[in-house]
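Counting starts at 1 for both ligands and their atoms, following the listed order.
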Amino acid sequence: MDKIVVKGGRRLEGRVRIGGAKNAVLPVMAACLLTRGVSVIRNVPRLKDVVSMASVLEELGVECGWEGDTVTIDSSRLSRHEAPYELVRKMRASIYVLGPLLASEGKARVSLPGGCAWGPRPVDLHIRAMRELGATVDIDHGYIESEARRLEGGPITFSAPSVGATANTMMAASRAAGRTVISNAAREPEIVALADFLNLMGARVSGAGTDAITIDGVDEMSPAEFRIIPDRIETATYMVAGAITAGQVEIVDCVPEHVESVALKLAQAGVAVEAAGDSILVKGKKALESVDVVTAPYPGFPTDMQAQFMALMTTARGMSTISETVFRDRFTHVPELRRLGADIKLDGSTAQVGYVEKLSGAPVMATDLRASAALVLAGLVAEGETHISRVYHIDRGYEAIEEKLRGLGADIERMPE
Ligand code: EPZ
């Protein structure tokens, strides 16, 4: 296993290019199961989660090729219908094959996803939606066993705007008979991207990006070519990197409107954020002001930026209250930030982040993808060296993070643990 070593104190300056969005690539890859043939997906980042999804598809008889940032998916020889535990436990998003397999093959056997470092992550909304579309779904020995002669469209209302359940339902409904209307749907840009890809394949999806999505099922869909949207969480992570080091960072190939909620909070903290076309210029400064954050489904402040923003608030003047409303217990980064000298008190789903003049480097452990990014950001300003172990977490969602940060002037390197 590798670790990342960061020597703090460098002011970041320069330009960083954003890659394709992990959380758009994964459902788009699964959507290729809705047809037989070769689809081409461009601007795909080199991430472990993309490799994991390719492994799941190959387990089903689908062939995946990868040249540079282009993935080709050939579903001509799709022949199996099981996503096994040893693959699903590595990545919860493997459940995205459930909807498309039911729609195109009429059956699916998908392992229940494992837990996460932070709280349980149920799939009851996915299962309920498949049943409402007419599938039989049983849970047996840790597997979701599901069959559907023909899915039937209908009204589906989610109790929570689940990104995954919205994506799975859109894909299943694309080839169901009749109309499906999803109420309280997730509004994330990755949902809009999936709808765009489905429509390129011949589906009839409208309303994506709002909380009501209408899908009129079609009998046939065909392969398509698609370019993945920029990753808004990677974008926001590098915005925080510029802010936390009081640097000046230009982030290019991004979509500023997708990170408006984060830009607003950074501006309130005293960071200069200027958006222009597909780039954002961030100018940090010393002694930022504390701001309060409450995470929420898009377009609210993203839960996937909660840990990174907390790292920024550890050396901001005053007290910052950070409330996590989307996931329970998504605070595994707190004990690690405390090891770097942060003053953080946890009270249920809220963290009170006090001011400390400086962080000091220490050995810390990454526990999940976004917590790892928070530790790297904290290491950029901590005095001395910060050694972050278990960086395989970070490789799930950030392509070449140490190269990109080094390109901005950070003193950071990866080495065997
Ligand atoms: C997606 O996860 C993202 N992953 C997550 O990003 C992100 O944190 C999350 O959406 C919220 O934005 C991918 O897109 C691959 P949810 P997902 O279903 O779909 C509850 C990252 O760092 N829920 O929107 O799993 C759930 O427990 C990852 O890139 C149910 O109760 O999230 C949570 O409290 C981490 N039952 C809330 O809904 C269900 O069946 C939102 O979860 C499904 C979800």
[atom]: the protein heavy-atom neighbour that sits closest, reported with distance to 0.1 Å:
atom                    : value
atom 36 (N) of ligand 1 : Asp124 OD1, 2.7 Å
atom 34 (O) of ligand 1 : Val326 O, 2.5 Å
atom 8 (O) of ligand 1  : Asp304 OD1, 2.6 Å
atom 25 (O) of ligand 1 : Arg92 NE, 2.8 Å

* Asked: Would you find more than 12 non-hydrogen atoms of other residues, nucleotides or ligands less than 6.0 Å from Asp140 atom CG?
  -> yes
* Asked: For atom NZ of Lys404, is the number of surrounding heavy atoms from other residues, nucleotides or ligands below 6.0 Å larger than 12?
  -> yes
* Return the option from Pro122, Ala24, Ala165 holding the heavy atom at the smallest distance from atom 43 (C) of ligand 1. => Pro122
Have a look at ligand 1 and work out which part of [X], if any, has a heavy atom under 4.0 Å from it: side chain, backbone, both or neither.
X      : result
Arg370 : side chain
Arg328 : neither
Lys22  : side chain
Arg330 : side chain
Val163 : both

* Asked: By number and element, which atoms of ligand 1 are closer than 4.0 Å to a non-hydrogen atom of Leu125?
  -> 30 (C), 36 (N), 39 (C), 40 (O)
* **Ligand-side contact atoms (ligand 1) for residue partner His126, heavy atom cut-off under 4.0 Å** => 40 (O)
* **Lys3/Glu402 ion pair, N-O < 4.0 Å** => no
Could you tell me whether the side chain of [X] and the main chain of [Y] form a donor-acceptor pair under 3.5 Å?
X      : Y      : value
Asn168 : Ile95  : yes
Arg175 : Leu34  : yes
Thr295 : Thr325 : yes
Ser320 : Val353 : no

* Asked: Relative to each other, are the rings of Phe226 and Phe197 parallel, tilted or perpendicular (30° and 60° limits)?
  -> tilted
* To do: Could you verify whether a donor N or O on one side chain and an acceptor N or O on the other, from Glu147 and Thr136, lie under 3.5 Å apart?
  => no
* Is Gly164 close to ligand 1, meaning an N/O of one under 3.5 Å from an N/O of the other? -> yes
